[in-house]
Amino acid sequence: MKRIFGKPLITQMEIEKRVKELGTKITADYEGRELVMICILKGAYVFFADLVRNIHIPVSVDFMMVSSYGAGTSSTGAVKIISDLSEAIKDKDVLIVEDIVDSGLTLSYLYKTLRSKKPKTIKLCVLLDKLERRKYETPIDYIGFTIQTNFVIGYGLDYKDNFRNLPYIAVLDEGEAEQLLNHRER
Ligand code: IMP
Ligand code: MG
């Protein structure tokens, strides 16, 4: 995508700076511990890849795919585990990395599910927090940016599974997005 798509909300440079700060903080907090970072797919994959490269202690990584939204822009109210962790997390220091927390349903569900696997500690890190929309209380330990309630895309976040590849975060313009999606060859 050559042209700027959507209305940029957080620039590539702002993201880079903030991810570096989060990495520095996590590095200091987990010094000398056995950190397992869990990437929540699909949305967190871009953030996760940048974040781990800003952490300067040994970490192991694992992946979980969950879905709480259908193809649209509002939650279906249920969380489904599409693929689970590949390793046990018992007695490990676990950090869950997610793209965005909206109602809090996904993270509160993940927190409960992973806590039952008896890790030594468990913390949450999100790139974006839509604080005003919270319905399910979840303690979040690391937050990239607090944003308003608009639906956002880019840097891993999708609309209809597209636009994850934008290098910045933009507010979705549904009309513009639909036009782009509908004008592709089939
Ligand atoms: P929650 O369970 O209501 O907190 O919703 C969190 C999940 O919904 C995230 O993992 C995202 O996949 C998705 N989501 C929420 N808001 C947005 C958004 O603005 N853009 C893209 N995905 C979003
Ligand atoms: Mg997600």
Side-chain angles (χ1 to χ4, degrees), residues 1 4-12 14-15 18-19 22 36-52 61-85 94-116 122-181:
M1 272 169 261
I4 295 281
F5 174 81
K7 204 165 97 201
L9 182 68
I10 307 172
T11 66
Q12 221 171 327
E14 287 167 334
I15 296 170
R18 187 68 187 125
V19 172
L22 289 173
V36 181
M37 292 182 58
I38 299 177
C39 174
I40 306 304
L41 298 170
K42 299 178 188 172
Y45 82 106
V46 178
F47 173 44
F48 190 80
D50 282 345
L51 184 61
V52 292
V61 301
D62 209 341
F63 302 86
M64 245 179 120
M65 191 181 289
V66 302
S67 127
S68 54
Y69 278 32
T73 59
S74 66
S75 180
T76 55
V79 182
K80 200 166 80 187
I81 295 184
I82 294 169
S83 74
D84 211 338
L85 296 177
V94 169
L95 181 61
I96 304 175
V97 180
E98 172 63 313
D99 53 358
I100 186 165
V101 53
D102 185 5
S103 70
L105 175 72
T106 308
L107 273 184
S108 61
Y109 173 83
L110 282 170
Y111 187 80
K112 264 187 273 163
T113 306
L114 295 185
R115 207 180 41 188
S116 73
I122 183 161
K123 283 195 187 182
L124 304 175
C125 172
V126 298
L127 178 66
L128 304 172
D129 183 8
K130 285 183 183 172
L131 188 57
E132 283 173 27
R133 304 245 313 165
R134 196 76 81 260
K135 274 196 276 179
Y136 304 83
E137 269 323 307
T138 325
I140 301 172
D141 304 280
Y142 304 96
I143 297 171
F145 303 91
T146 299
I147 61 166
Q148 299 305 308
T149 61
N150 292 324
F151 197 84
V152 290
I153 52 171
Y155 199 68
L157 292 122
D158 73 302
Y159 170 69
K160 295 189 174 173
D161 218 15
N162 281 262
F163 308 110
R164 296 187 195 275
N165 55 320
L166 293 175
Y168 50 87
I169 291 161
V171 173
L172 172 71
D173 178 333
E174 208 165 336
E176 190 186 2
E178 284 297 337
Q179 206 178 11
L180 264 174
L181 295 178

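Sequence positions, counted from 1, serve as the residue numbers for this chain. Both ligands and their constituent atoms are indexed starting at 1 by order of listing.
For a threshold of 3.5 Å applied to N or O pairs, the pair formed by Gly104 and ligand 1 contains at least one separation below that value. For Val152, a nitrogen or oxygen atom sits less than 3.5 Å from a nitrogen or oxygen atom of ligand 1, counting backbone and side chain alike. Checked against a 3.5 angstrom limit, the closest N/O atoms of Asp99 and ligand 1 fall inside it.
Against a heavy-atom cut-off of under 4.0 Å, Glu98 is close to the following atoms of ligand 1: 9 (C), 10 (O). Applying the 4.0 Å criterion to heavy atoms of Asp158 picks out, from ligand 1, the atoms 21 (C). Of all atoms in ligand 1, numbered sequentially from 1 with element shown, those under 4.0 Å from a heavy atom of Lys130 are 16 (N), 17 (C), 18 (C), 19 (O).
Looking at Arg18, its side chain does come within 3.5 Å of a backbone N or O of Gly144 through a donor-acceptor pair. A donor-acceptor contact shorter than 3.5 Å links the side chain of Asp141 to the backbone of Leu124.
For the residues Phe151, Tyr136, Tyr109, the heavy atom positioned nearest atom 18 (C) of ligand 1 is part of Phe151. The closest non-hydrogen atom to atom 2 (O) of ligand 1, taken over Leu41, Thr149, Thr106, comes from Thr106.
Only one option out of Ile10, Asp99, Val19, Asn165 pairs with Tyr155 in a side-chain contact (heavy atoms from CB on, under 4.5 Å); it is Val19.
Counting heavy atoms closer than 4.0 Å to ligand 1, residue Leu157 contributes side-chain atoms (C-beta onward) but none from N, CA, C or O. Contacts between Arg133 and ligand 1 below 4.0 angstrom, taking non-hydrogen atoms only, are absent altogether.
By the 6.0 Å contact criterion, CD on Glu178 is enclosed, its count of non-hydrogen atoms from other residues, nucleotides or ligands being greater than 12.
At least one side-chain heavy atom of Ile169 sits less than 4.5 Å from a side-chain heavy atom of Leu127. Between Asp84 and Met64, some side-chain heavy-atom pair lies under the 4.5 Å cut-off.
Using a 4.0 Å heavy-atom cutoff, Lys42 is absent from the residues neighbouring ligand 1.
Put simply, CG on Asp129 and OG1 on Thr138 are 9.5 Å apart, with the number rounded to the nearest 0.5 Å. We find the CG-CD1 distance between Leu110 and Ile38 to be 8.5 Å, quoted to the nearest 0.5 Å.
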